[in-house]
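Proteins come first, then strands; the chains are lettered A, B, ... in the order of their sequence lines, and each starts at number 1.
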Number of protein chains: 2
Amino acid sequence: MHYFIAVAEELHFGRAAQRLGIAQPPLSRAISQLERRLGAALLQRTSRSVTLTEAGTVLLHEGRVALDAVEAAEHRTRRAALAAAGEPSIVLATKAGASSQILAKLLHAYAAEPGSVRVDVMLCGPGEQVRLLRSGRADVAILHQPFDDTAGFDTEELLTEGQIAVLPAGHTLTTSEDLRLDDLTDVPDLPAPRWPGPDGTYAAGPGPEAQSHTQLLQLVALGRTLMTVLDSCRPQLGDDVVAVPIVDAPAVTTVIAWPPHSRIRAVADLVRTAVSL
Amino acid sequence: MHYFIAVAEELHFGRAAQRLGIAQPPLSRAISQLERRLGAALLQRTSRSVTLTEAGTVLLHEGRVALDAVEAAEHRTRRAALAAAGEPSIVLATKAGASSQILAKLLHAYAAEPGSVRVDVMLCGPGEQVRLLRSGRADVAILHQPFDDTAGFDTEELLTEGQIAVLPAGHTLTTSEDLRLDDLTDVPDLPAPRWPGPDGTYAAGPGPEAQSHTQLLQLVALGRTLMTVLDSCRPQLGDDVVAVPIVDAPAVTTVIAWPPHSRIRAVADLVRTAVSL
DNA sequence: TTCATCGATACTTCTACGGTATCGCTCAAG
DNA sequence: CTTGAGCGATACCGTAGAAGTATCGATGAA
């Protein structure tokens, strides 16, 4: 399964084998064996290129879900053992820099609840929370629709708000009362920043490389780029940047999400606290 | 994983090994190996009895989910390959004997839709639909809340209704206008029927053994037992039985459910047809 | 036409999983 | 108190299957 996902992602047996830390022949054999077991062609090999078949696309998707479920079983078991032995705790995953005051309020209110446990907050890059939740490394997460894929989780809505553009003070765009998405794409002197991918590398492009939101904010203040954030982030902005509403940006809903099978009481308590805020 | 689930269910290494078709020693080793890998005790062995630890309970639950996910990946891939090759179709799982006219309406309406595909209907025993859906053998199911566990599925509500008791014509209970649940438990001459478990055996008890709803209905007509069914099943009952509403039975909601990651267009079409009925 | 690239195949090595035999512990019956 | 049956753990052995090395065959670019 691991093997197939690696090949399906790389679309190249050699690179996939390298990534897996094995030689190429066993990988070829494993894949054709998998195909024989399933009775279905997963890849079309033309000795010059590898492409996914219909069935292969399905298996790539379902296989990821399955592997995440296996990994989640491991992690949750380990954490249950630790919780039974020592002090119980839960892990909350949230995107760094977003919904921070709703989170602060939530943590404060939950800590005051009777029977509350320690909450470890994991600050993640964009979209990473979903991965953590699926793989059992986190117990509950703060997600943002429609950016994050909430399929397969139970969720409760917490807040719906608009988005604002953060621009360098004095930039020509700041003269407008409000902006549209079109106004923000391909601004010559404010190219979109580039985030590191899951592998730690950056895509090519004109924008500056960013590792964190504070860093990015500084780059905006320096007039090197622009960023869009949620309405509720406005109080965190300094005087060296200007916030302008984006009228046609989709509304973002902040939700609290957890795995549907979660039997952890602390998660239920936390969610109850969140919805009653 | 298979091994651990077998032991956790049997709570007996010998029987679990027999069920798995292997000898007992490799099973013992596999489990202790798993425990070492996870760094957590899963079972408490007292050489006289085996019990689950906290962590073991979690792993039993999460492990089932994970195994189902793996099996689902297999099944869905096979079906995707078949669909790509020949005529596409979807599998709908439903409990035998319940919500049959809503199902008939749905199938009829869906068949009239443009682009509809063949729908294979699987009639299941109680609770079996959930298993089929989780393991990928079915693409969509008709479930009944609160009986079926819809956790982890996307659902749409179709109908909410009460339950009625089906009694032999002329029985003393049929003189009432309505009944309560208490009236129906431990009726001496109408003991509750016994259904076969997943292993095909029957629990001990006074009631008659039943294999199907029609068979059960016949047993009611013969004055041997009673049964409770949904309001909407009333038109299917003959003159030899009497239906009496149960006023304090929980309302049952019929829902259509599908896996949250389903990318199958036909499932989406079927759901859309169902909610528009 | 040649050569580089890439996946498949042939053959060998070794790990790891399963089977048999047996031990040690516990509880119940005599 | 003794003995034996039940049950899980351990020791040891054999084999199946997975990974590595070497090489082939096909394809497309120079």
Rounded to whole Å, how long is the line connecting atom [atom1] of [X] with atom [atom2] of [N]?
X	N	atom1	atom2	answer
E10(B)	dG8(D)	CD	P	11 Å
L43(B)	dC7(D)	CG	P	16 Å
R48(B)	dG4(D)	CZ	C1'	11 Å
L11(B)	dG6(D)	CG	C1'	16 Å
L20(B)	dC17(C)	CG	C1'	14 Å
H12(A)	dC6(C)	NE2	P	4 Å
R37(B)	dA16(C)	CZ	C1'	14 Å
L42(B)	dG8(D)	CG	P	15 Å

Problem - S28(A) side-chain N/O to dG7(C) phosphate OP1/OP2 under 4.0 Å - result: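 Result: no.
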Handout entry: Closest-nucleotide ordering on DNA chain D, the 5'-leading residue of R15(B) and S32(B)
Key =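 So the residue in question is R15(B).
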Practice task
Identify, with sequence neighbours excluded, every residue that meets side-chain contact (heavy atoms from CB on, under 4.5 Å) alongside A266(A).
Solution key: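 Only I90(A), Y110(A), V117(A), I264(A) meet the side-chain contact (heavy atoms from CB on, under 4.5 Å) criterion with A266(A).
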Handout entry: Candidate pair T150(B) and Q145(B), rule side-chain hydrogen bond (donor to acceptor under 3.5 Å, both in side chains), full reasoning
Key = CA-CA 8 Å; T150(B) 57; Q145(B) 279 169 333; 3.2 Å; yes
Problem - Side-chain (E128(B)) to main-chain (G125(B)) donor-acceptor, under 3.5 angstrom - result: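 Here the side-chain-to-backbone pair exists.
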Problem - Donor-acceptor contact present, side-chain E35(B) to main-chain L42(B), <3.5 Å - result: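 Side chain of E35(B) to backbone of L42(B), a donor-acceptor pair under 3.5 Å: yes, one is there.
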Practice task
Could you check whether the rings of H61(A) and H261(B) sit parallel, tilted or perpendicular, using 30° and 60° as the cut-offs?
Solution key: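 Ring orientation of H61(A) relative to H261(B): perpendicular.
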Within the structure provided, determine whether [X] and [Y] are in side-chain contact (heavy-atom separation under 4.5 Å).
X	Y	result
I31(B)	R45(B)	yes
K95(B)	C124(B)	no
R37(A)	E74(B)	yes

Problem - Within residues 49-60 of chain A, residues whose heavy atoms come under 4.0 Å of DNA chain D - result: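 Heavy-atom cutoff 4.0 Å gives no residues at all.
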Exercise for the section: Assign R45(A) to base, sugar-phosphate, or nothing according to its heavy-atom contacts below 4.0 angstrom with the strands shown. Expected result: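 Since only primed, P, OP1 and OP2 atoms lie under 4.0 Å of R45(A), the category is sugar-phosphate.
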Fill in the blank from the handout: With B for base contact, S for sugar-phosphate-only contact and - for none (protein heavy atoms under 4.0 Å), nucleotides 12-25 of chain D reads ------SBBBB---
Handout entry: N-O pairing of R137(A) and E71(A) below 4.0 Å
Key =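 Salt bridge flag = yes for E71(A) with R137(A).
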